[in-house]
K.L.:
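Dropping the structure in here first, questions after.
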Amino acid sequence: MTEPLTIAIDGPAAAGKGTLAKRLAEHYGLPYLDTGLLYRAIGKLAEGSGIDLDDAAAVAPIAERLDTSHLDDGSLRGREAGELASRVAVHPQVRSALTAFQRDFAARPEGAVLDGRDIGTVICPHARVKIFVTASAEVRARRRTDELAAKGRDVAYERILAEVRERDARDAGRSVAPLKPAADAHLLDTSELDIETAFRAACEIIDRSLA
């Protein structure tokens, strides 16, 4: 029986992993899960209910009741939701509640593409292919600033850069599932790459792994 093609894509915010993962899922004909939306949905639901995002015991029940329909909220892809996600993701109870959901998705017979921050290290440690997508903080802040400016948002690059660095430190420094490459992950630095070049590089990594 052919082993499922599970592809784990990890990396920090604004490195381009989401766009890349979606392209790879389409290219290889696999279901795709943006796991970051799970945490963003929990953060938004908790905030909307007036719950303290730093109160793990109060946030955990929301994670346990999360439904895929909650992932359809377009505002989840905004910067504010990303900050909320980073706050609730530090809670072990929340991560535990979502681990089974993500592993069930990844266990499909044909495989799947998942992107996040701990897919290759925690969720799918036995994934056939692991790619850690990264870029310098300066490049990621510039991308985020340009993205927001294109939406008509008046934002300062320096403030976005400070937020990127603060979030990197928070994600890498948490006690549970910190952001780091899996030992057997392929590193893909997109600092100097456009999406097409990054996509071709990722396909080469995957095709080599399958061969």
Side-chain angles (χ1 to χ4, degrees), residues 7-25 27 32-40 43-44 53-54 74-90 95 113-123 129-206:
I7 302 173
I9 308 290
D10 289 305
K17 66 180 182 296
T19 302
L20 183 61
K22 193 178 300 183
R23 287 282 302 275
L24 291 172
H27 180 72
Y32 164 63
L33 179 65
D34 177 352
T35 66
L37 289 183
L38 304 177
Y39 294 95
R40 287 168 178 254
K44 287 275 289 185
L53 271 64
D54 299 318
S75 70
L76 295 182
R77 297 193 179 278
R79 183 174 60 85
E80 293 82 358
E83 291 301 314
L84 298 176
S86 193
R87 287 178 62 188
V88 299
V90 303
R95 304 194 71 83
V113 178
L114 293 85
D115 85 73
R117 284 172 171 72
D118 62 353
I119 308 303
T121 54
V122 176
I123 303 301
V129 184
K130 302 175 188 176
I131 301 176
F132 192 88
V133 184
T134 189
S136 71
E138 291 77 12
V139 166
R140 289 185 286 125
R142 173 54 59 195
R143 289 173 179 168
R144 183 58 56 83
T145 303
D146 291 347
E147 176 187 341
L148 293 172
K151 295 178 180 178
R153 298 275 297 277
D154 184 18
V155 292
Y157 164 78
E158 292 77 12
R159 180 166 68 84
I160 298 297
L161 177 59
E163 290 176 355
V164 165
R165 287 173 171 162
E166 178 184 340
R167 186 168 176 188
D168 283 352
R170 190 162 64 229
D171 289 342
R174 65 186 179 222
S175 60
V176 178
L179 173 64
K180 65 178 181 179
D184 55 347
H186 301 270
L187 294 179
L188 180 57
D189 191 326
T190 66
S191 297
E192 306 296 330
L193 306 179
D194 60 24
I195 182 57
E196 287 300 327
T197 308
F199 172 68
R200 289 196 300 270
C203 286
E204 288 177 8
I205 290 171
I206 295 168

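These values consider heavy atoms only, across backbone and side chains, with no hydrogens, waters or symmetry-generated copies. Numbers for residues simply follow the sequence, beginning at 1.
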K.L.:
Hey, does Thr190 have a side-chain heavy atom less than 4.5 Å from the side chain of Leu20?
P.N.:
no
K.L.:
Under a 3.5 Å cutoff, is there a donor and acceptor pairing between the side chains of Thr197 and Asp194?
P.N.:
yes
K.L.:
Identify the heavy atoms of Leu24 and Cys203 that sit nearest to each other, and give their distance.
P.N.:
CD2-SG, 3.9 Å
K.L.:
Determine the minimum heavy-atom distance between Glu80 and Arg153, stating which atoms define it.
P.N.:
OE2-NH2, 3.2 Å
K.L.:
Determine, for Arg159 against Glu163, whether the closest basic-nitrogen to carboxylate-oxygen distance falls under 4.0 angstrom.
P.N.:
yes
K.L.:
Could you walk me through whether Val133 and Asp115 pass the side-chain contact (heavy atoms from CB on, under 4.5 Å) test, one step at a time?
P.N.:
CA-CA 10 Å; Val133 184; Asp115 85 73; over 6 Å; no
K.L.:
Below 4.5 Å, heavy atoms only, C-beta onward: do Leu53 and Leu84 meet side chain to side chain?
P.N.:
yes
K.L.:
Between Glu147 and Lys151 (salt bridge meaning N to carboxylate O under 4.0 Å), is one present in this structure?
P.N.:
yes
K.L.:
Could you measure the distance from the CD1 atom of Ile195 to the OG1 atom of Thr19? Nearest 0.5 Å is fine.
P.N.:
5.5 Å
K.L.:
Contact between Arg144 and Leu161 at the side-chain level, heavy atoms closer than 4.5 Å - yes or no?
P.N.:
no
K.L.:
Salt-bridge test for Glu138 and Arg165: reply yes if a basic N is under 4.0 Å from a carboxylate O, no otherwise.
P.N.:
yes
K.L.:
Between Gly78 and Arg40, what is the shortest heavy-atom contact and its length?
P.N.:
O-NH1, 2.8 Å
K.L.:
Is a salt bridge present between Arg170 and Glu166, judged by a nitrogen-to-oxygen distance below 4.0 Å?
P.N.:
yes
K.L.:
What's the verdict on side-chain contact (heavy atoms from CB on, under 4.5 Å) for Leu179 and Phe132, showing C-alpha distance, side-chain angles and the deciding distance?
P.N.:
CA-CA 10 Å; Leu179 173 64; Phe132 192 88; 3.8 Å; yes
K.L.:
Between Arg95 and Asp118, does a side-chain contact (heavy atoms from CB on, under 4.5 Å) hold up when you go through it step by step?
P.N.:
CA-CA 10 Å; Arg95 304 194 71 83; Asp118 62 353; 2.5 Å; yes
K.L.:
How long is the straight-line distance from CG of Leu76 back to NZ of Lys44, given to the nearest 0.5 Å?
P.N.:
6.5 Å
K.L.:
Taking all heavy atoms of Ser75 and all of Ala81, pick out the closest pair and write down the distance.
P.N.:
O-CB, 3.7 Å
K.L.:
Nearest 0.5 Å, what's the OG1-CZ distance between Thr35 and Arg117?
P.N.:
8.5 Å
K.L.:
As an exercise, state the distance from CZ of Arg142 to OG of Ser136, rounded to the nearest 0.5 Å.
P.N.:
11.5 Å
K.L.:
Any idea which heavy atoms bring Ser191 and Ala135 closest together, and the distance?
P.N.:
OG-CA, 3.2 Å
K.L.:
Quick one: CZ on Arg23 to CD1 on Ile9, what's the gap to the nearest 0.5 Å?
P.N.:
13.0 Å
K.L.:
Specify the closest pair of heavy atoms between Tyr32 and Ala21, including all atoms of both residues, with the distance to one decimal.
P.N.:
CE1-CB, 3.5 Å
K.L.:
Under the salt bridge (Lys or Arg N to Asp or Glu O under 4.0 Å) rule, what do Lys17 and Asp10 come out as? Steps first, then yes or no, please.
P.N.:
CA-CA 7 Å; Lys17 66 180 182 296; Asp10 289 305; over 6 Å; no
K.L.:
Checking Ile131 against Ile206 for the side-chain contact (heavy atoms from CB on, under 4.5 Å) test, could you report, in this order, the C-alpha distance in whole Å, the side-chain angles of both residues, the deciding distance, and whether it holds?
P.N.:
CA-CA 9 Å; Ile131 301 176; Ile206 295 168; 4.2 Å; yes
